[in-house]
Amino acid sequence: MLLIMQATKDQQASLTQIKKRSDFLKIQSKGRKWVSHGLIVQTAPNEDDIKRIGYTVSKRVDKSAVKRNRIKRRLRAVAADVLPTGAMNGQDYILVGRPASATRSYETLCEDLRWCLRKMGLEAKTP
RNA sequence: UCAGAAGAUUGGACGGCCGCUUGCGCUCUAUAUUUAUAUGGGGUGUGAGAGGAAAGUCCGGGCUUCAUGGAAAGACGGUGCCGGGCAACCCCCGGGCGGCGCGAGUCGAUGGACAGUGCAACAGAAAGUAUACCGCCGAUGGCUGUUUCUCUCGAGAAAGCAGCACAGGUAAGGAUGAAAGGGUGCGGUAAGAGCGCACCGCGUCUUUGGUAACAAAGAUGGCACGGUAAACCCCGCCGGAAGCAAGACCAAAUAGGAACCGCAUAUGGGCAUUUUCCGGCUCGUGGUUCGGGUUGGUCGCUAGAGCAGCUCAGUAAUGAGCCGCGCAGAUGAAUGGUCGUCGCUUCUUCGGAAGUACAAAACCCGGCUUAUAGAUUUUCUGAUAUU
RNA sequence: UGGGGUAUAGCCAAGCGGUAAGGCACCGGGUUUUGAUCUCGGUAUCCCUGGUUCGAAUCCAGGUACCCCAG
């Protein structure tokens, strides 16, 4: 158990964040999208052999800044648990929040993300 | 006990696992060299890490830039009872006046309507220098008739009565309306009327109390002076504009341009907005076409009109003094994710179940406004019961 | 983050203190054998809550929703 945690932490270092608005727009227009109850995943391949990740929670999801921040933090926790071991390298991932992201239980939210990745054929085989 | 009024405080607690930002210490590593420091990247230990409204962005300041200092007037915008507080304020405290409430209290953009202009639909006789109309009266004058008297029997004169509504008097009444040019009562009159009187209201003057707003008392006038300024406006006071994505620095890259035309060439032009005056700075300027650039980092960035306690002054807002504290600084944006136990509230079939507010810093302060589950607490008012 | 704007019937909208115009759509009646056309009528919490005023869609204050601009 402890070894797995250690590996996870090393993998998380390879996750870099998408920060520029132009990158978000490029991925949204050229990439692929899969929708689940808890969240939406948008992906596009990149040149380097790393995983990049971004989060989008717009004002349309919820008016309250408190609830939007909570959704964003939950997505960040889910991504930190699932993506390092469960997704392929060389891809950009954007997680888009939905109203249900705040109320859905943590386990089902993780399952939603894995289901989206599996449907798009980007699931990495866990060793 | 019930029903209220005005404040004040607080805004769940503990633990396991996994994380984030940042200050400091230790340590590893890369680069630069003045071989011990600087900068960058990691590891580890330890400390700190959302609010009463952080919100709305409605006011007032600090700070920064606009090269730029002062004075006057105008425009535009804001503000408006009096006194005090504050760095300042559309803020706060106390008081006056008016509305509401049995009361504790509460609400009020609360200067000026003899500086001027405007507005009041519909209804109503009339909506503002009141009186045209209906109505009432017709005392007085006029006309007509009648009675009495005189008489030259034609008529005349005087007084009384009746009528007409011609001159005129009047504003009590006239269904309205938010508002009708003082109100109620008595007298008075031809009918009436502040025409007279009493009380109330209003204006003016004086005195007293109060720093003042204003209040009270007395005298006097005889009603003259209606409403609306969150209509224009007048008067007093205040205000240059834009905002930390302000702005400063570093690195990289690019450019320090070209052509044509017009004006001006220093007694001139420009320097934010309307004009003028004084002072200061700067030197070519305007248009069209072609060409080039529009990234990253650091600082600004948190010690400030700061917070807590005590004493003194003050009705209070607040001020003064003493003592203590060190308290977020992110930038696709940290301050958490998840699991468990316990509080609190409601429901309960007594096993439990559901809920646990509003709302998250973004340069920083002082206010205002709006949202807010619940909990604790102080003072006061009214009603009922008991003593 | 800062700056600015709009809200009137299902839709497009006029109105600037005194009865909420108009068009399209919808509903009902008439005309027609029936339908279209035509014709008559109906349909409004003036975004919400207070205030000023005799009276507010309009003036003032606070709030809500939506939209635009700078970068």
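Sequence lines set the chain letters: A, B, ... in the order given, protein chains first and strands last, and positions in each chain run from 1. Keep in mind that this is a model prediction, so the values were computed, not measured.
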On RNA chain B, check which nucleotide each of A:Ser105 and A:Thr56 is closest to and give me the residue with the more 5' one.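 By nearest-heavy-atom nucleotide position, the 5'-most residue is A:Thr56.
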Could you check A:Tyr106 against A:Tyr55 and say which one's nearest nucleotide on RNA chain B is further toward the 5' end?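 On the 5' side of the pair lies A:Tyr55.
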Can you check the distance between [N] and [M], where both ends of the measurement are the [atom1] atom (answer in whole Å)?
N: B:G101; M: B:C76; atom1: C1'; answer: 45 Å
N: B:C238; M: B:C89; atom1: C1'; answer: 10 Å
N: B:U131; M: B:G163; atom1: P; answer: 33 Å
N: B:G177; M: C:C54; atom1: C1'; answer: 9 Å
N: B:C307; M: B:G366; atom1: C1'; answer: 15 Å
N: B:A353; M: B:U22; atom1: P; answer: 43 Å
N: B:C93; M: B:U274; atom1: P; answer: 45 Å
N: B:A171; M: B:G182; atom1: P; answer: 11 Å

Mind checking who [N] pairs with, Watson-Crick or G-U wobble, both distances under 3.5 Å?
N: B:G247; answer: B:C299
N: B:C86; answer: none
N: B:C161; answer: B:G145
N: B:G262; answer: B:U285
N: B:A13; answer: B:U341
N: B:A32; answer: B:U37
N: B:G128; answer: none
N: B:U46; answer: B:G23

Less than 4.0 angstrom between a side-chain N/O of [X] and OP1 or OP2 of [N], yes or no?
X: A:Arg104; N: B:U338; value: no
X: A:Arg73; N: B:G337; value: yes
X: A:Arg74; N: B:U338; value: yes

Assigned glycosidic conformation for [N] [threshold 90° from 0]:
N: B:G194; answer: syn
N: B:G16; answer: anti
N: B:U44; answer: anti
N: B:A224; answer: syn
N: B:G52; answer: syn

Do the non-hydrogen side-chain atoms of A:Leu95 and A:Leu113 ever get within less than 4.5 Å of each other?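 Yes; the side chains approach each other to less than 4.5 Å.
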Are A:Val96 and A:Val57 close enough that some pair of their side-chain heavy atoms sits under 4.5 Å apart?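 Counting from C-beta outward, A:Val96 and A:Val57 never come under 4.5 Å.
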State, to 0.1 Å, how close [X] and [Y] come at their nearest heavy-atom pair, and which atoms those are.
X: A:Arg98; Y: A:Ile71; result: O-CD1, 3.8 Å
X: A:Ala77; Y: A:Tyr106; result: O-OH, 3.4 Å
X: A:Leu109; Y: A:Gly38; result: CD1-CA, 3.9 Å
X: A:Arg74; Y: A:Ser105; result: NH2-C, 3.8 Å

Rounded to whole angstrom units, what separation is found between the [atom1] atom of [X] and the [atom2] atom of [N]?
X: A:Leu39; N: B:G337; atom1: CG; atom2: P; value: 17 Å
X: A:Asp81; N: B:G337; atom1: CG; atom2: C1'; value: 9 Å
X: A:Lys72; N: B:A360; atom1: NZ; atom2: P; value: 13 Å
X: A:Glu107; N: B:G340; atom1: CD; atom2: P; value: 11 Å
X: A:Leu113; N: B:G337; atom1: CG; atom2: P; value: 18 Å
X: A:Leu109; N: B:C339; atom1: CG; atom2: C1'; value: 16 Å
X: A:Arg68; N: B:G336; atom1: CZ; atom2: P; value: 18 Å
X: A:Ile71; N: B:G336; atom1: CD1; atom2: P; value: 17 Å

Within this structure, what is the OG1-NZ distance for the pair A:Thr43 and A:Lys33, rounded to the nearest 0.5 Å?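 Atom-to-atom, A:Thr43:OG1 and A:Lys33:NZ are 12.0 Å apart.
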Distance check, rounded to the nearest 0.5 Å: A:Trp115 atom CH2 versus A:Thr108 atom OG1?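 Reported value, rounded in 0.5 Å steps: 13.5 Å.
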Counting side-chain heavy atoms from CB outward, which of B:G337, B:A359, B:A333 is closest to A:Val66?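 Of the options given, the side chain of A:Val66 lies nearest B:A359.
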